[in-house]
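Reading through the structure tokens given below for one structure.
In the text below, chain A, chain B and the rest are named by the order of the sequence lines, each starting its count at 1.
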Protein chains: 2
Amino acid sequence: MIDDRATGPQLSRGEFGLLLLGLLGRREMYGYEIVAELRRTSEGAIDLPEGTVYPALRRLERDGLIGGNWVEVGSGAPRRRYYRLTLDGERALADGRKDWLRFRDAADAVLG
Amino acid sequence: MIDDRATGPQLSRGEFGLLLLGLLGRREMYGYEIVAELRRTSEGAIDLPEGTVYPALRRLERDGLIGGNWVEVGSGAPRRRYYRLTLDGERALADGRKDWLRFRDAADAVLG
DNA sequence: TCGGTGTACCTAGAGTCTCTAGGTATCGAG
DNA sequence: CTCGATACCTAGAGACTCTAGGTACACCGA
């Protein structure tokens, strides 16, 4: 009766948000670090600009999936806003992971 | 110097368009058929509504990646618009496939 | 004959997201 | 003193997805 699509519409709408959840599921991180980390570990395959990442983090926080707190690093360095998953965020990550696997396999079947 | 991202911005922006190219790379198809085919073969993992597919096909045609032609089926059945890849479309599919693989692996590394 | 279902196309508009292109501020190196 | 790095931010344009309809015809069952 009701549709079973957990990601709301489809994947790919909040796909980048899911990626951020995935990173934060590993450890606390701050925005600038996330940008650099994605660029580095994906060798450019995922190159989200700051203008994408910061708003996405704010949306995730607004939606209660992550929580952030300011950390002073001292000695004139800019303060950082570290984010971590909330309980809702962990659930969303688990669901999103399942959706990603399903979507990935279906897309692979088409693009294989 | 220049960025090497073939899919314009990132993947996922035109990700569904790429999926359509992938399908049409196999054989000629018409919109209604594509909707049903995706739903069926992906077992619901990709469930693009008509309101997504038809405009996407028109964009791809507008951009010269696919070409469509009307086919009368006869006996009162609605006519169908069959689409096939253009040469530009085949190139875009080949590029998009590479991007997809890179993106997929990077996302798997994060979500794995 | 009337309503429902299936085929097959279409669109307007709302909502959401991504990206560009800036901006702020501080520090250290050259 | 200018440049690059660190870190954050935003406005606005543009693009896309989805909802929720609509058109038109044929067929089938009650």
Side-chain angles (χ1 to χ4, degrees), chain A residues 2-3 5 7-21 28-40 44 46-63 65 68-83 96 99 103, chain B residues 2-3 5 7-21 28-40 44 46-63 65 68-83 96 99 103:
Chain A
I2 305 300
D3 79 297
R5 286 172 292 172
T7 326
Q10 204 70 197
L11 242 189
S12 119
R13 235 299 153 274
E15 195 170 83
F16 292 164
L18 178 58
L19 243 24
L20 297 184
L21 290 183
E28 276 192 14
M29 293 181 83
Y30 58 98
Y32 197 81
E33 185 187 13
I34 289 174
V35 173
E37 172 96 348
L38 275 179
R39 236 189 289 264
R40 193 176 53 76
I46 303 175
D47 185 13
L48 299 181
E50 296 182 23
T52 298
V53 169
Y54 287 118
L57 288 170
R58 297 178 82 74
R59 278 196 300 277
L60 291 173
E61 186 172 23
R62 180 201 62 193
D63 296 343
L65 302 182
N69 68 303
W70 290 106
V71 174
E72 300 291 341
V73 192
S75 77
R79 60 188 187 160
R80 305 168 176 170
R81 188 159 179 83
Y82 275 92
Y83 291 98
D99 292 338
F103 176 84
Chain B
I2 305 299
D3 79 296
R5 284 171 292 169
T7 327
Q10 204 71 195
L11 244 188
S12 118
R13 234 303 154 266
E15 195 170 82
F16 292 163
L18 178 59
L19 244 22
L20 298 183
L21 291 182
E28 277 192 14
M29 292 181 85
Y30 57 98
Y32 196 81
E33 186 186 12
I34 288 174
V35 173
E37 172 96 346
L38 275 180
R39 235 190 289 266
R40 193 176 52 76
I46 302 176
D47 184 14
L48 299 180
E50 296 183 21
T52 297
V53 169
Y54 287 117
L57 288 170
R58 298 178 82 74
R59 279 196 300 276
L60 291 172
E61 188 172 23
R62 181 200 62 195
D63 296 341
L65 302 182
N69 68 302
W70 290 108
V71 174
E72 300 291 341
V73 193
S75 77
R79 60 186 189 162
R80 304 169 177 169
R81 188 158 179 83
Y82 274 92
Y83 291 99
D99 292 338
F103 176 84

Ring pair (Phe, Tyr, Trp, His ring centres under 6.0 Å) filter on Tyr82(B), not counting sequence neighbours, yields Tyr30(B)
Rounded to whole Å, the CZ-C1' distance (Arg79(B) to dG6(C)) equals 18 Å
When rounded to whole Å, the CZ to P distance for the pair Arg39(B) and dG6(C) reads 12 Å
To the nearest angstrom, the OH-P distance between Tyr83(A) and dA7(D) comes to 14 Å
In short, Tyr32(A) meets Tyr54(A) closest at the heavy-atom pair N-OH, 3.5 Å
From CD of Glu15(B) across to P of dC18(D) the rounded distance in Å is 11 Å
Protein-nucleic acid N or O pairs under 3.5 Å, nucleotides 28-30 of chain C:
none

Smallest heavy-atom separation, Leu20(B) atom then Val53(B) atom, equals CD1-O, 4.5 Å
Terminal axes of the helix from dT1(C)-dA30(D) to dG30(C)-dC1(D) (5 end pairs apiece), angle rounded to 10 degrees, sit apart by 0°
Rounded to whole Å, the CH2-P distance (Trp70(A) to dA7(D)) equals 12 Å
Query raised in the report: Any sub-3.5 Å donor-acceptor pair from Arg81(B)'s side-chain atoms to Gly68(B)'s backbone N or O?
Result: yes
The side chain to side chain donor-acceptor pair (under 3.5 Å) partners of Arg39(A) (sequence neighbours excluded) come to Asp47(A)
Rounded to whole Å, the CD1-C1' distance (Ile46(B) to dC18(D)) equals 16 Å
Pick out the pairs of N or O atoms, protein on one side and nucleotides 1-6 of chain D on the other, that lie under 3.5 Å.
unit_1: dT6(D); atom_1: OP2; unit_2: Tyr32(A); atom_2: OH; d: 3.4

Indicate yes or no: does Arg58(A) engage Glu61(A) in a salt bridge with an N to O separation below 4.0 Å. no
Here the residues of residues 50-60 of chain A within 4.0 Å heavy-atom distance, strictly under, of DNA chain D are Glu50(A), Gly51(A), Tyr54(A), Arg58(A)
- Answer yes or no: is there a side-chain heavy-atom contact under 4.5 Å between Ile34(B) and Leu57(B)? yes
Here the distance between atom C1' of dC10(C) and atom CD of Glu61(B), to the nearest Å, is 14 Å
Met29(B) and Glu33(B) have their tightest heavy-atom pair at CA-OE1, 3.3 Å
Leu48(B) CG to dT19(D) C1', in whole Å, measures 14 Å
Verdict with reasoning, Glu15(A) to Glu15(B), per side chain to side chain contact (heavy atoms under 4.5 Å, CB included): CA-CA 11 Å; Glu15(A) 195 170 83; Glu15(B) 195 170 82; 3.3 Å; yes
